[in-house]
Each structure stands twice: as structure tokens, then as C-alpha cells.
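Take a look at the structure below.
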2 protein chains.
Amino acid sequence: MPVQQALAELRHLLGERLSLSKADLDAHGRSESHFRTTPPDGVVFPETSEEAQDIVRICATHNVPVIGWGAGTSLEGHALAIRGGICVDFSRMNKILEIRSADMDVTVQPGVTREALNEELRATGLFFPVDPGANASIGGMAMTRASGTTAVRYGTMRDNVMGMQVVLADGRLIHTGTRARKSASGYDLTALMVGSEGTLGLTTELTLKLHGIPEAISAGICSFSDMASAVAAVTETIQMGIPMARIEFVCADTARAFNTYAGVSMDPAPHLMVEFHGSPESTAQDAERFAEIVADHDGSPFRWSSREEERRALWAMRHNGYYAILASRKGARALVTDICVPISQLARAVEETQADIAASIIPGPILGHVGDGNFHAILLVDLDQPAELEEAKRLSDRMVERSLALGGTATGEHGVGIGKKPYMAAEHGDAWDVMGSIKQALDPQGIMNPGKVVPGN
Amino acid sequence: MPVQQALAELRHLLGERLSLSKADLDAHGRSESHFRTTPPDGVVFPETSEEAQDIVRICATHNVPVIGWGAGTSLEGHALAIRGGICVDFSRMNKILEIRSADMDVTVQPGVTREALNEELRATGLFFPVDPGANASIGGMAMTRASGTTAVRYGTMRDNVMGMQVVLADGRLIHTGTRARKSASGYDLTALMVGSEGTLGLTTELTLKLHGIPEAISAGICSFSDMASAVAAVTETIQMGIPMARIEFVCADTARAFNTYAGVSMDPAPHLMVEFHGSPESTAQDAERFAEIVADHDGSPFRWSSREEERRALWAMRHNGYYAILASRKGARALVTDICVPISQLARAVEETQADIAASIIPGPILGHVGDGNFHAILLVDLDQPAELEEAKRLSDRMVERSLALGGTATGEHGVGIGKKPYMAAEHGDAWDVMGSIKQALDPQGIMNPGKVVPGN
């Protein structure tokens, strides 16, 4: 068995940092969402880029799959070893290598989590803004092109990764990008790697843009009688040019789930949660202008605060939204949808999705980053009832169909993994084959995270 | 001759829209900078994407090079037919196909120029911000990853192209991207195409992000006793978080060139030209805060205005900087450098470059987009004196070496073309070979703009 030979060589290279324990294999074969557990053949814990190169070379020699692993918070089964192989866990490569305050950038290893990074940055007055909710690893966030609540202001990983070290399928270590703020020097390999989900290589080092911690932050919440009014308020806020740092939507069912999970007492109605970054004057002004828009759309009074503890409580609740919704149906697993449409189509997309879910046999609370036109229905299924997963897939299919018809995408921020792969042909047409050609050129053996993103394979 | 067969088929396809006139061939073989004229074998003027596909298919059949042409304003010889072949001039594909104000985006054909686009957009209250100075075509700007004076605020073409139609080397027409504001759906082919300089395909349609025309704009100018003080003022402005829409630097020699060319009377000293976008209050406040920084660095009083005519005159002068500098030495041609470094290294890079030029036999006025760390020395050479071009190349080599050593890039915004290709191996190492593998995968015959960007070829 080639994998046995690879494991023997990896044992020689890494000693105890190759694990074959059932606990480790299972932990690295599990997904946060509904996919079944598919353990790898071994888990390795490299400590240097050179070790990552050696791991890939050994796997290439024996034609064994290589799958990167960050914090395991992905929702689309990106890191599942669906063809077996070696899981490369980057948790020991979690150093912050260099903070350059004057240039507002930082170089990190892939295993550092966004919370650990921001903790370390605090004293510098800078922060890394991309915030997918989960305490994901920076490497995983880059490889899935993550974004989250702050993308409306600070962009996604696409906009905030300046360069990377990447181990290719043949063991070469390349550097992409530079520390210059812009460059027109050849193909944008950084952008190609961001969102490639480990199918073109493993990242072992990343340089990120940082931003100044705002002098003042105001945040608040309000409810609406219906979803259309909430979405109309969002659209008007964008068109007025009010600079939001976050603008999040939750539906009535999500509000109910928060009440139970977080012990709060929200109206069972659609809500918006909003944050503004700037000076004390500008954030107060932004909050007041937003409050007027909310009032125009018959929303409840916009309650806002610039006090840190209130703000933290608000976003902690929002960040636990997925878990609150999961807990709202005992024993359920989630199929998470992630469509993103042009803002002008958002109200329609949300309304039609809600009508679909209301007519179905399963619950599907909705929440989303509506400033980007991105929202999630968390479809809750009992995996013991096959009809429920079928129903969830049907709802998901219809959402994606709708999104593509409206000029949108199957996945705004979660990535393709195995969950969204069935939609790639419809979304990209011949461009999907072009992705396959690029994969073939850089990984002709097909060992890098096989079965993900590209056709066939 | 394969090219004769291709020309015969193109004649059949396009009739008079294939030109073989010496005037057309020469006009499409000429460069804005120092490269020698290298005319193509024919110039075609497609009117539809389908015609562009047919053109590429004919050239592929006969193994004839295909080179895209926008407005011909490139500075690195990107569109020169250095291996012969067919020049595809997109000037007849210059329509604005759809403006979607609610989504703040627009779909255009590649031949529309940025000035024509902004003229058309004016009534909507939106604008397309990327501004390389020259009235370039949008297709050319995308393919060279152009930026310019406003990148410090609005980003480059990388940040403002949402999607493209691209004709590949085999004639397939693909669509990249969507109209959603973000997506995590597979490899970022839009980013791969932006900056690919026509070596992977021809773009026949582009969807662009638009921005709201600011309610108020203030702009002004000031001088400094030396370049280090000017650069220090820029760095401090960035670190204070004052949101500049433009921050441009010109050296004393450039100021002298402006005096002659534009009939102004600037001090023969380094200057900064700055612009702020926002509300009447915020732009006034920004200008006043900036004025304080300038005073702290012993600059001349910062004279600013929110009057449109003064602002227009200022930027018209700046946009003519290249031509003003060219005119400062009669009969000279330019070798234009374009390094971009981390901000913390900018003062050093500028000072060392100036010292080098001062010790050389040729003049080289400097100007640049210093908010991004990007600046140009316009090296003026008499092409009849071979030693001068040699000297210019030596100076350029040293600038790039310095930039790479400081964490920067060989080209911040002009692109690779043929002028910066000699620096690609040093800048990218093995990553340059990866670019070559991608090229090989998408254009195995090597017909798309051969001799540019990637190794060999």
C-alpha cells in the first residue's frame, strides 16, 4: 500500500508528530456541518516550511493525498480526506513572525487564529479586520477566501492577503506577492491561491494588511415588522454612503434562537445589527443618520452604544448565531447555504427563499451579511430522516439557482469544499474547466486536496 | 506563410475591418516610451465578442500571434507585435452596455476609455475612480492592472474589476466573476486575468465597481525644502489615518518641467499635490489637518481649494507630467521606471535613486503616487547615443534591485510588457515558472501576446 510506505517515511521524518491515533484521525475527519466523518490515514504536525515541503514530497512520491487543516471550522467539508491521505495540521505553525507597524502589515504562520493575532496586535493600535465569526486559522481563512461581518468595510481575505509562501504539489516553495501596497508584476498568484482551498498547494506563511483600530466604535440593533423593510433600510443606508463597518441581518426565527441560547429577550422579528467605525463625532453622526433611515422604514427605535461591553455582547451573540440556530432543534445537523447577490436583488432573494423554506418540511432560520448581499439559511435536518437531507438539498439547489439567475454566486464566503461543488458547472460554465486546467498544470498527480473545487478529480 | 493564410481568412471574415495599410501597421507598432517600432502583420477591428472569438480561432489554426490593443498608452511595450501577428484593436468595441446605479456597477466593452465612461456616468452621481493619467481604454487598464493617482483611496484595477468575458487561446469565451460583491466560488479567474497583459486571452466585456461622486472635494499643493521632508509628511499623513484620495509627489526637476510646459510658476523644489473626498466639513477638516503636518515638516503653506476649476488645472498639470518631462529634453525618449516599496522604505528608496541619477550622465525627474509607495523616475535618453540607453538601463536595474531588497516590486502599476520582463526572475523566483505553467496550460501554442510576462516564449 503506497499510503503505508508514505506513513513509514513520515514517521521517520516527524516521529511523534505523525499521529495515527483514532482520536486524532476522527477529529480531523469531522466537519462542523452535515458531512459524514471521513478520517485521513494519518495526521502530521509540521513545525517549519521545510517540513511541510518534505511531507508533500513524500506524499507525491507515493501518490498519496495531502489535505491542509487549520482550525477545522469550515462549513463545506473542505478539509475532509474524502480520498484518504495525510492531513497536515498547522496548529504548531502558529507564530506571528513580524509585525511592521509603520507599514501596517504582519507576517504570520498559517496556524495562528484570528483572535490570537488580534490579541497580539492590540498594543500596536492595529488590527486584522476579517472576521468570519469562528476563531478560524489565518491559513484556513486565506485558503477559503473567508470574510464575514466586516467585509462591507474592510473587504475579504482577497483584499487583505498581500502575499504567501506556498508549498506546491512537487515540493517547491514559492513566494507570491510583495510587501508593496500594489504591484503590476505578472500574474496575481496571491489571488489565485486565496480561495484555492488547498488544491494548488499548502500555505506556510502569509503577509496580511492591517488597519488602525478605530478611535471610536458605535454599534446597535433594531427590529422591523418584516424582512422587506429591513432589507430596504440596508439598501438605503448603502446608497446614502453611510460607511458601515458591519451590517448584519437576522430573521425572526434566529431572534427566537438567540433568546433561548443567549438568554436575551429580542422581539420575534427581523433585526439589523449595525456597527460604525471612526471618530467619536463621526460614529455618533452615522448612528443618528442610520436611526432616521430605520424610522423611515417603520423599524423599532435604533438603540446604539459606544460602550465596549455592550458591543462585545452584541457581536458575541451574533457570532454564536450558527450554534444558537443548531441548538434550536435538538440533535439536528445543518446544511448551510451561502448565496450572495447584487444588492438590488437582495430583498427578492430573501423573500423567495423564506417562502420556499416556509413551505418545506424543515426549519431554516436566516442570517447574513446583508451589506454585501450575502445571506445564509441554516437548514436544520435530522440525519436519521433521509427525506430531510433531501429536502434541504432541494432548498439549497433552488437558492443557488435563484442566486445565479440574479447575477450572484453559490457561495459568498464559505467556499466550495464538497458541499458547493455540485453548483460549480452551473455558475462558471467553461470557466470551471479552465480552473481544472490550472489545477492540472500545478498538480498533475492530483494529490492536493483531491475531490474539491475543480471538475472530476 | 501561415500569416498570409490567416490574413486571407480574416479578410473574408472582416472585409475592410482588416487593415494592412502602412499607417495602421505603424500606428499599432509604436510605443509611448523608448521601444523601437515593431508593426504587426495586420490590424483587425472586431465589433462583437463572436468576431473576437473567430479572429482568435483563425490565428490558432495558423499558429499566428494575437495581440490586443486598447488606446496604445502603455509604457512597457505590452502591445508590440514582437513576434509579428495580428493586432486586435478594440476601438470599435467601445460601448457602455449597462449602468446599474442601484448596484453601483457597470458593464462595458473593452475599448471604452475611462474619460468616456466617466462622462457617461456623470448624470448617475457615480464614477469609475481608477485614473492612470492617460485616457486609457478600460480593457487595457484591466489587462495591465493599472492604477494611478487615486489608488490610495479606491484601489487598482485588481480591486475594481468584478468580472470579465475573456476569449481564450482556443476560441472559447468564458465568463469570470459575478455581480455579487464577494464570492468564494473557486479560483479567482478575474484576478488571474487582471494584469495578465493579454497573454491568457482577450477581454471582450468587463463589469466594474463604481463609487459615488464625492459631495465635496478639496485639493491643494505645497513645496518642501527637500524630498525627505515631503516623504516624511506623506508617511505621517498615512499614519494619522487622514483619508487621502490622491497624494502625489513631484521633484524639483519635475516642477521646473511643469513651469515650462504648463506655464505655471512653481518653486524649483519638491512638491506634494493632495486631494480629499468627502463632505464639505470633512474635506475642509482633512485639508487643515494635512496643512498642520506640512507645517511641522517645514513645508510651504498648503494652499488648497474646493473650487472645481482650480482642482482640474492642478490634476491636468499632473496628468501631463510625463509629457512635460519628455518635453524638458528636446528629442528625448523615456525609459520609465515604476518601483513600489513598503511606505517605511519610501524615503530611502527615493533618496538613493536621486543620488544615483545625480551621478549619472542623463536626467531623470521623479514623480509618483507616494501614498502607495510607488514612484517613477522618467529617465530621458537620446536614442542616438547608445551609451545613454545603457546608462538608463543600469539606473533602472539598480532601482529594481533596491526595490526588491526593500520588499517591493519592479512595477507598481505599469506592468511587465517587454520593459520589465528582465526583472521577473529576480522578483518572483520559482513563482515565475508557475506563471509559465499557467500560461502553458491555457495557451499551449503560445499565440496570445507572445514574448510578454512569462519565461521563455
Side-chain angles (χ1 to χ4, degrees), chain A residues 100 102-103 105 144-147 151 156 158-159 168 172 174-176 178-189 191-192 194-196 212 241 340-344 372-374 407-416 420 424 427-432 434-435 437-438 440-442 453, chain B residues 100 102-103 105 144-147 151 156 158-159 168 172 174-176 178-189 191-192 194-196 212 241 340-344 372-374 407-416 420 424 427-432 434-435 437-438 440-442 453:
Chain A
R100 303 174 203 88
D103 292 319
D105 67 35
T144 56
R145 204 182 297 128
S147 46
T156 73
R158 178 192 203 268
D159 308 300
L168 300 177
R172 273 181 302 172
I174 61 165
H175 297 74
T176 74
T178 70
R179 289 212 306 111
R181 283 274 148 175
K182 65 183 192 185
S183 172
S185 181
Y187 302 164
D188 190 344
L189 297 184
L192 181 64
V194 170
S196 65
C340 188
V341 297
I343 299 293
S344 65
D372 305 311
N374 181 210
T409 176
T411 168
E413 58 178 11
H414 292 166
V416 181
K420 298 296 183 275
M424 292 298 100
E427 178 163 344
H428 300 292
D430 280 348
W432 197 35
V434 170
M435 297 182 201
S437 302
I438 293 169
Q440 174 69 25
L442 300 193
V453 184
Chain B
R100 303 175 204 87
D103 292 318
D105 66 36
T144 56
R145 203 182 296 129
S147 46
T156 73
R158 180 192 201 267
D159 309 300
L168 300 177
R172 274 181 301 172
I174 61 164
H175 297 74
T176 74
T178 71
R179 290 213 305 110
R181 284 273 147 173
K182 65 183 192 185
S183 173
S185 181
Y187 302 165
D188 189 345
L189 297 183
L192 181 65
V194 170
S196 65
C340 187
V341 298
I343 299 293
S344 64
D372 306 311
N374 181 209
T409 176
T411 169
E413 58 178 11
H414 292 166
V416 182
K420 298 296 182 273
M424 291 299 98
E427 177 163 343
H428 299 292
D430 280 347
W432 197 34
V434 171
M435 296 181 202
S437 302
I438 294 169
Q440 174 68 24
L442 300 194
V453 185

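This structure is a prediction, so every number in the text was calculated from the model and none was measured. Here is how names work: the chains are called A, B, and so on, in the same order as the sequence lines, proteins then strands, and each is numbered from 1. Only this structure's heavy atoms are used, side chains among them; waters, hydrogens and symmetry mates stay out.
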Counting heavy-atom pairs under 4.5 Å with chain B, which one of [options] comes out on top?
options	result
A:L192, A:D159, A:V434, A:V341	A:V434
A:Q440, A:R181, A:R100, A:M435	A:M435
A:S147, A:S183, A:A151, A:A191	A:S183
A:A431, A:S185, A:A180, A:A102	A:S185
A:G373, A:S196, A:G212, A:G241	A:S196
A:V453, A:V194, A:D188	A:D188

Worksheet item: Can you name the closest pair of heavy atoms from B:G408 and B:P342 and give their distance?
Response: N-CD, 4.0 Å
Worksheet item: At their closest point, which heavy atom of A:H414 faces which heavy atom of B:A184, and how far apart are they?
Response: N-CB, 4.1 Å
Worksheet entry | Partner set under salt bridge (charged side-chain N to carboxylate O under 4.0 Å, His left out) for A:R179, not counting sequence neighbours | A:D103, A:D105
Discussion item. Going by the rule salt bridge (charged side-chain N to carboxylate O under 4.0 Å, His left out), which residues pair with A:K182 if we only count those two or more places apart in sequence or in a different chain?
Written reply: B:D372, B:E413
Discussion item. Rounded at 0.5 Å granularity, tell me how far OH in A:Y187 sits from CG in B:L442.
Written reply: 7.5 Å
Contact class of [X] relative to chain B, heavy atoms under 4.5 angstrom:
X	result
A:V416	both
A:D430	both
A:I343	both

Worksheet item: Is it the side chain or the backbone of B:T176 that comes within 4.5 Å of chain A heavy atoms, both, or neither?
Response: neither
Worksheet item: Of the backbone (N, CA, C, O) and the side chain (C-beta and beyond), which part of B:N374 lies under 4.5 Å from a heavy atom of chain A, both, or neither?
Response: side chain
Discussion item. Taking every non-hydrogen pair under 4.5 Å, which of B:G186, B:G412, B:A441 racks up the most with chain A?
Written reply: B:G412
